[in-house]
Protein chains: 2
Amino acid sequence: MKIGHLATAVGMDIQTLRYYESQGLLSEPARLQNGYRDYPDEAISRLKFIKKAKLVGFTLKEIKDLLAIQVTKDEHTCQEVKSFTQVKLAEISNKIEELQRIKVALEKIHTSCCGGDETAAHCSILSALEN
Amino acid sequence: MKIGHLATAVGMDIQTLRYYESQGLLSEPARLQNGYRDYPDEAISRLKFIKKAKLVGFTLKEIKDLLAIQVTKDEHTCQEVKSFTQVKLAEISNKIEELQRIKVALEKIHTSCCGGDETAAHCSILSALEN
DNA sequence: TTAAACCCTAAAGCATACTATAGAGTCAAG
DNA sequence: CTTGACTCTATAGTATGCTTTAGGGTTTAA
């Protein structure tokens, strides 16, 4: 399977596939006589794995590590795999908390402003940022 | 006031101040005879403004725009200022929602895994990512 | 006078995940 | 035989907010 075909099959860009290869997420495929990449069918499932992992928030580096475990499942434990989701969940929870803190602070100054046509000379949003 | 003094006063790095100047958040200060920057006292309040604005999630570019309004408050309306917090609030809410979507998806596959000592051959996390 | 502490500019580096560009070879159809 | 679609490599650019590096003046205190 040539790269364009694979890209279409998984809904990704050709450049992205080459980029993933450069980052070690996709192993170097065989080459045709003309130098074109020739992917095995498994490349599709591997890319689908990457897509799903991205959807749940993993970075490419983390996905690379996950894939390394996945191809040698037998030599790894559930515990090991679960620690990935554990860490990521904590990260995401922290981000959400941080954003919620920001949101609350922002809402506070937002609602304190009339939002009217008058000049901003005494705007409470600006005041809040000044003091 | 020299840059080191200012940096200490506001708890920022000297490099950061110069960077802010390069980005137009801080106007170019007067220079001493030796070429050293000589800041007016107002620089402190301006930097505090920047700090607060960052704390509520504004980017440097947005802060630059906010500062432009702030220095000519009289020529701007509350409405105008409030639209900044409005837009930012919407952005933050979207990010939170996205993260919560991710969190839910991740929690689902996380809790489905036993996390035990056995091999990951049948790990439900990996399965979830594969299918 | 000399060493520490302070200041200057310009440019590169970092992290993330691509995206774009340049320049060039290959293949299939008409 | 040429045109369009496909592929290749290598390099640079994007966005964000700094941080670091390199190389070099200035000031102050001992």
Side-chain angles (χ1 to χ4, degrees), chain A residues 1-26 28-39 43 46-67 87-88 91-92 94-95 98-99 102, chain B residues 1-26 28-40 43 46-47 49-67 87-88 91-92 94-95 98-99 102:
Chain A
M1 190 173 17
K2 284 188 286 182
I3 197 168
H5 187 179
L6 177 58
T8 304
V10 297
M12 287 177 170
D13 199 285
I14 287 177
Q15 326 275 57
T16 302
L17 301 192
R18 287 198 279 243
Y19 174 68
Y20 285 175
E21 182 181 326
S22 79
Q23 298 308 107
L25 278 90
L26 233 45
E28 291 184 20
R31 297 288 182 136
L32 298 172
Q33 287 185 329
N34 56 18
Y36 290 8
R37 287 173 179 78
D38 184 25
Y39 292 97
R46 194 161 171 103
L47 284 168
K48 284 186 177 169
F49 184 102
I50 294 174
K51 272 188 119 172
K52 290 230 175 67
K54 274 173 62 65
L55 272 180
V56 292
F58 288 111
T59 65
L60 293 190
K61 197 199 161 315
E62 289 159 348
I63 295 171
K64 183 180 169 183
D65 295 343
L66 268 173
L67 281 166
V87 167
K88 183 54 64 179
E91 262 179 52
I92 291 171
N94 285 341
K95 271 190 201 157
E98 168 73 358
L99 284 175
I102 289 177
Chain B
M1 189 174 16
K2 284 188 286 183
I3 198 167
H5 186 178
L6 178 58
T8 305
V10 298
M12 285 177 172
D13 198 286
I14 288 178
Q15 327 276 55
T16 303
L17 301 190
R18 288 199 277 245
Y19 174 68
Y20 284 175
E21 182 182 326
S22 78
Q23 299 307 109
L25 278 89
L26 235 42
E28 290 184 21
R31 296 291 180 134
L32 299 171
Q33 290 185 326
N34 57 18
Y36 288 10
R37 287 174 180 77
D38 184 26
Y39 291 98
R46 196 164 171 98
L47 284 167
F49 185 102
I50 293 172
K51 271 188 121 172
K52 290 230 177 64
K54 273 172 61 65
L55 272 180
V56 292
F58 287 111
T59 65
L60 294 190
K61 197 197 163 317
E62 288 159 350
I63 295 171
K64 183 181 170 182
D65 295 342
L66 268 173
L67 282 166
V87 167
K88 184 54 64 179
E91 264 179 50
I92 291 170
N94 284 341
K95 271 188 203 159
E98 169 73 358
L99 284 175
I102 289 176

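Just so it is clear: chains get the letters A, B, ... in the order the sequence lines come, proteins before strands, and each one is counted from 1.
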Participant: Who passes salt bridge (charged side-chain N to carboxylate O under 4.0 Å, His left out) against A:Lys52, sequence neighbours left out?
Facilitator: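 Expected list: none.
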
Participant: Check whether any side-chain N or O of A:Arg31 sits under 4.0 Å from OP1 or OP2 of C:dT26, and answer yes or no.
Facilitator: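 Answer no for this pair, as no side-chain N or O of A:Arg31 is under 4.0 Å from OP1 or OP2.
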
Participant: Salt bridge (charged side-chain N to carboxylate O under 4.0 Å, His left out) with A:Arg46: which residues, sequence neighbours excluded?
Facilitator: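 Salt bridge (charged side-chain N to carboxylate O under 4.0 Å, His left out) list for A:Arg46, sorted by chain: empty.
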
Participant: Quick one: bend of the helix from C:dT1-D:dA30 to C:dG30-D:dC1 from 5 pairs per end, to 10°?
Facilitator: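 Between the first-five-pair axis and the last-five-pair axis there is 30°.
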
Participant: Tell me which pairs pass side chain to side chain donor-acceptor pair (under 3.5 Å) where either residue lies in residues 1-11 of chain A, with sequence neighbours left out.
Facilitator: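 Counting only pairs at least two positions apart or across chains, no side chain to side chain donor-acceptor pair (under 3.5 Å) contact touches residues 1-11 of chain A.
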
Participant: Reckon B:Ile3 touches a base, only the sugar-phosphate, or nothing at all at heavy-atom distances under 4.0 Å?
Facilitator: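 Here B:Ile3 touches the backbone only, sparing every base.
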
Participant: Using the side-chain contact (heavy atoms from CB on, under 4.5 Å) criterion, which residues pair with A:Glu21? Sequence neighbours excluded.
Facilitator: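 In terms of side-chain contact (heavy atoms from CB on, under 4.5 Å), with neighbours along the sequence ignored, A:Glu21 is linked to A:Leu26, A:Glu28, A:Pro29, A:Arg31, A:Arg37, A:Tyr39.
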
Participant: What are the bounds, 5' to 3', of the part of DNA chain D that sits under 4.0 Å from heavy atoms of chain B?
Facilitator: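 Both ends considered, the range comes out as D:dG17 to D:dT27.
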
Participant: So which of residues 49-59 of chain B are in contact with DNA chain C, with a heavy-atom cut-off of under 4.0 Å?
Facilitator: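 Within residues 49-59 of chain B, no residue comes under 4.0 Å of DNA chain C.
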
Participant: Which residue pairs satisfy the salt bridge (Lys or Arg N to Asp or Glu O under 4.0 Å) criterion with at least one member in residues 53-63 of chain A, sequence neighbours excluded?
Facilitator: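 Sorted pair list: A:Lys61-A:Asp65, A:Glu62-A:Lys88.
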
Participant: Using the test side chain to side chain donor-acceptor pair (under 3.5 Å), find all partners of B:Glu98 that sit at least two apart in sequence or belong to another chain.
Facilitator: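 For B:Glu98 the side chain to side chain donor-acceptor pair (under 3.5 Å) partners, ignoring immediate neighbours, are B:Arg101.
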
Participant: Give me the residues of residues 11-23 of chain A where at least one heavy atom lies under 4.0 Å from an atom of DNA chain D, by number, or none.
Facilitator: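 Heavy-atom cutoff 4.0 Å gives A:Ile14, A:Arg18.
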
Participant: Nearest-Å distance, OH (B:Tyr36) to P (C:dA5)?
Facilitator: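 In whole Å, C:dA5 P and B:Tyr36 OH are 14 Å from each other.
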
Participant: Run the salt bridge (charged side-chain N to carboxylate O under 4.0 Å, His left out) test against B:Asp13 and tell me which residues pass, sequence neighbours left out.
Facilitator: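 Partners of B:Asp13 under the salt bridge (charged side-chain N to carboxylate O under 4.0 Å, His left out) test: none.
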
Participant: Go through the structure and list residues passing side chain to side chain donor-acceptor pair (under 3.5 Å) with A:Lys95, not counting sequence neighbours.
Facilitator: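 For A:Lys95 there are no side chain to side chain donor-acceptor pair (under 3.5 Å) partners, ignoring immediate neighbours.
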
Participant: Between A:Arg37 and B:Asn34, who's closer to the 5' end of DNA chain D by nearest nucleotide?
Facilitator: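 By nearest-heavy-atom nucleotide position, the 5'-most residue is A:Arg37.
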
Participant: I would like to know whether B:Leu60 and B:Tyr20 meet side chain to side chain contact (heavy atoms under 4.5 Å, CB included); could you show each step before the answer?
Facilitator: CA-CA 8 Å; B:Leu60 294 190; B:Tyr20 284 175; 3.7 Å; yes

